[in-house]
Enquirer: 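Here it is, the structure, as structure tokens.
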Amino acid sequence: MMNSLNIVMAYESNKTYIAMFIVQAIYAGMALLSKASISSGMNPFIFVVYRQAFATLSLCPLAYFFERKNVAQLSYTLIWKIFFSSLIGITICLNMYYHALDHTSATFAAASTNLIPAITFVIALILRIESVYIKELHGWAKLIGTIVSVSGALVFAFVRGPSLNFMSRYISGSDVGSTTNSSSILEFSKGPLSILCANILWSCWSIMQAGIMKEYPAKLSLITLQCFFSLIQSMVAAIFMERNLSSWKLGWDVHLLSVAYCGIIVTAFTYWLQLWSIEKRGPVFTAMFTPLALIITAIVSTFLWKETLYLGSVCGAVLLSGGLYCVLWGKSKEIDGKISDPKLVEETTLDSIKITQA
């Protein structure tokens with residue numbers, strides 16, 4: 001009986017950490033499956049349309065069943081806020097991400113998204129959503145951890161060193177994960193530049209959700225609306241970019257599996273879970289878990305897609321993990337201090353509600 005109680009208490013105190021680990025594992029699967037589909041010839045713009053269609057159809061019945069009695073009223077201003085956040089953080093962000101994935105590997109895409117914590121942290125500081133107490137140890141832990149984490153991502157992406165040949169005998173599969181060979185520097189730059197812009201937009205989306213959820217706390221309905229708006233926006237963009245009807249056909253292959261996985265599992269389930277985590281701990285806390293997707297993607301790509309694992313990648317992963325846990329330690333100490341000190345709670349702006357609910 002005591003053991004069961006301890007397990008329940010441990011789960012309650014760590015459920016946000018468990019949720020974010022699940023989110024990043026799902027995102028790793030998204031990068032791998034999406035790369036396989038796009039490398040097999042699926043148009044990235046059409047991919048986004050089908051992804052959002054699956055997400056909208058799977059979310060509508062859930063939102064109606066769970067939140068039909070508690071949905072807040074939608075004002076014209078709030079509708080435009082949701083529409084704009086969908087355009088910025090979902091439609092444009094996803095189209096740029098999948099366009100970049102067509103020119104890079106899944107591992108490189110996952111590594112580049114580790115810029116999100118630093119971008120989110122800087123934007124949150126400017127908007128006074130996140131605060132840093134430089135006189136406290138936890139404040140320095142957050143700053144140093146962010147720098148170490150981003151440095152680890154850069155080392156992982158750009159520093160190779162000797163290859164780990166002992167992995168080669170275990171590797172099998174097709175080379176869909178390798179970086180596309182480009183005939184020019186301009187062609188190669190399409191991947192990194194697009195991913196950088198997508199990361200900035202995703203950080204802005206994460207921060208915008210905190211304010212929107214105050215006006216519209218029904219998370220399932222909010223995600224459903226955003227997916228529906230994104231579906232319309234993505235369809236307009238896809239029709240403009242690709243008018244060949246044969247490109248829109250789906251068969252029982254990796255294309256259908258990828259869009260269904262990304263639409264139902266990633267968009268419908270993971271977006272809701274991420275919004276819940278943002279509400280509990282804030283946008284910077286959720287963004288700090290992005291290195292986990294890189295590590296999972298790199299391991300799976302090494303075994304399935306024949307991506308060579310280098311010593312630099314391992315060192316980068318170690319730095320990522322160290323920076324991640326440093327930031328998490330600082331964030332947890334900051335939350336404990338705010339809960340125990342009412343004055344600090346009053347000084348916190350948008351983050352105060354999320355902290356008291358944690």
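Any value given below was found using the heavy atoms of this structure, including those in side chains, with hydrogens, waters and symmetry copies removed. Note that the structure is a prediction, hence the values are computed from the model and not measured.
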Enquirer: Flag yes if Met241 and Ile38 sit in one hydrophobic cluster, no otherwise; membership is Ile, Leu, Val, Met, Phe, Trp, Tyr, and two members link when side-chain heavy atoms are under 4.5 Å apart.
Expert: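 No, Met241 and Ile38 fall in different hydrophobic clusters.
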Enquirer: To check you understand the geometry: which heavy-atom pair defines the closest contact between Ser203 and Ile123, and what is its length?
Expert: CB-CD1, 4.3 Å
Enquirer: Drop me the distance from Leu32's CG to Ser37's OG, to the nearest 0.5 angstrom.
Expert: 12.5 Å
Enquirer: Roughly how far, to the nearest 0.5 Å, is the CG atom of Asn43 from the OG atom of Ser247?
Expert: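 Going from the OG atom of Ser247 to the CG atom of Asn43 covers 6.5 Å.
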Enquirer: Nearest heavy-atom pair of Cys326 and Ala141: which atoms, and what distance?
Expert: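 Nearest heavy atoms, Cys326 then Ala141: SG-O, 3.3 Å.
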Enquirer: Begin with the C-alpha distance, continue with both residues' side-chain angles, and end with the deciding distance and a verdict on side chain to side chain donor-acceptor pair (under 3.5 Å) for Gln226 and Gln209.
Expert: CA-CA 11 Å; Gln226 291 188 345; Gln209 301 315 298; 3.0 Å; yes
Enquirer: Apply the test side chain to side chain donor-acceptor pair (under 3.5 Å) to residues Thr91 and Gln233: give CA-CA distance (whole Å), side-chain angles for both, the deciding distance (0.1 Å), then the verdict.
Expert: CA-CA 7 Å; Thr91 304; Gln233 296 160 356; 2.6 Å; yes
Enquirer: Show the nearest heavy-atom pair for residues Val254 and Ala36, with the distance to one decimal.
Expert: CG2-CB, 4.2 Å
Enquirer: Hydrophobic clusters here meaning ILVMFWY residues chained together by side-chain heavy-atom distances under 4.5 Å, can you tell me if Leu78 and Ile223 are in one?
Expert: yes
Enquirer: Starting from the C-alpha separation in whole Å, work towards a yes-or-no answer on side-chain contact (heavy atoms from CB on, under 4.5 Å) for Met20 and Val23.
Expert: CA-CA 5 Å; Met20 290 313 303; Val23 165; 4.2 Å; yes
Enquirer: Nearest 0.5 angstrom please: Cys204 SG to Phe84 CZ, how far?
Expert: 8.5 Å
Enquirer: Quick one: do Ile195 and Met96 satisfy side-chain contact (heavy atoms from CB on, under 4.5 Å)? Show the steps, please.
Expert: CA-CA 7 Å; Ile195 285 184; Met96 298 192 79; over 6 Å; no
Enquirer: Hey, is the main chain of Ile26 close enough, under 3.5 Å, to the side chain of Tyr261 for a donor-acceptor pair?
Expert: yes
Enquirer: Hey, does Ile79 have a side-chain heavy atom less than 4.5 Å from the side chain of Phe229?
Expert: yes
Enquirer: Is the CZ atom of Phe228 crowded by more than 12 outside heavy atoms at less than 6.0 Å?
Expert: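 No, the 6.0 Å shell around CZ holds no more than 12 heavy atoms from other groups.
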Enquirer: What I'd like to find out is whether the side chain of Ser234 reaches to under 4.5 Å of the side chain of Asn95, using heavy atoms alone.
Expert: yes
Enquirer: When the ring planes of Phe83 and Trp80 are compared, do they come out parallel, tilted or perpendicular, using 30° and 60° as the limits?
Expert: perpendicular
Enquirer: Any chance you could measure Ile232, atom CD1, to Thr56, atom OG1, to the nearest 0.5 Å?
Expert: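 Taking CD1 in Ile232 and OG1 in Thr56, the distance rounds to 8.5 Å.
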Enquirer: Start with the C-alpha gap between Cys262 and Leu33, add the side-chain angles, then the distance that decides, and say whether side-chain contact (heavy atoms from CB on, under 4.5 Å) holds.
Expert: CA-CA 9 Å; Cys262 292; Leu33 282 174; 5.6 Å; no
Enquirer: To the nearest 0.5 angstrom, please state how far the OG1 atom of Thr297 sits from the NZ atom of Lys35.
Expert: 13.0 Å
Enquirer: Run Trp248 and Val49 through side-chain contact (heavy atoms from CB on, under 4.5 Å) and show every step you take.
Expert: CA-CA 10 Å; Trp248 290 79; Val49 173; 4.0 Å; yes
Enquirer: When clusters are formed by joining ILVMFWY residues with side-chain heavy atoms under 4.5 Å apart, either directly or through shared neighbours, do Leu59 and Ile265 land in the same one?
Expert: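 Cluster IDs for Leu59 and Ile265 match.
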Enquirer: So does Leu87 get a backbone contact from the side chain of Ser230, meaning a donor-acceptor N/O pair under 3.5 Å?
Expert: no
Enquirer: Within the 4.5 Å heavy-atom criterion, are Lys81 and Glu215 side-chain neighbours or not?
Expert: yes
Enquirer: With under 30° as parallel and over 60° as perpendicular, where do the rings of Phe47 and Tyr98 fit, or are they tilted in between?
Expert: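 Answer is tilted, since the angle falls between 30° and 60°.
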Enquirer: Is there a donor-acceptor contact under 3.5 Å from the side chain of Ser85 to the main chain of Ile82?
Expert: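 Yes; at least one donor-acceptor contact below 3.5 Å.
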Enquirer: Could you pull out the closest heavy-atom pair between Ile88 and Ile92, with the gap in Å?
Expert: O-CB, 4.1 Å
Enquirer: Would you say Tyr50 and Met42 make side-chain contact, with heavy atoms under 4.5 Å?
Expert: yes
Enquirer: Donor-acceptor check, side chain of Ser221 to backbone of Ala218, threshold 3.5 angstrom: yes or no?
Expert: no
Enquirer: Roughly how far, to the nearest 0.5 Å, is OG1 of Thr16 from CH2 of Trp276?
Expert: 6.0 Å
Enquirer: Shortest non-hydrogen contact from Ser258 to Ser34?
Expert: OG-N, 4.4 Å
Enquirer: Does the pair Lys219/Glu67 count as a salt bridge with the N-to-O cut at 4.0 Å?
Expert: no
Enquirer: Given the rule that I, L, V, M, F, W and Y join up when any side-chain heavy atoms are under 4.5 Å apart, are Leu220 and Tyr216 in one cluster?
Expert: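 The answer is yes; both residues are in one hydrophobic cluster.
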Enquirer: Grab the two heavy atoms, one from Tyr97 and one from Ala198, that are nearest each other, plus how far apart they are.
Expert: N-CB, 4.1 Å
Enquirer: Please tell me whether Leu273 and Leu62 are part of a single hydrophobic cluster in this structure, the criterion being side-chain heavy atoms less than 4.5 Å apart.
Expert: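 The answer is yes; both residues are in one hydrophobic cluster.
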Enquirer: Check whether any side-chain heavy atom of Leu225 lies under 4.5 Å from a side-chain heavy atom of Leu74, and answer yes or no.
Expert: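 In short, these two side chains touch, coming nearer than 4.5 Å.
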Enquirer: Can you tell if the side chain of Leu256 reaches within under 4.5 Å of the side chain of Phe54, non-hydrogen atoms only?
Expert: yes
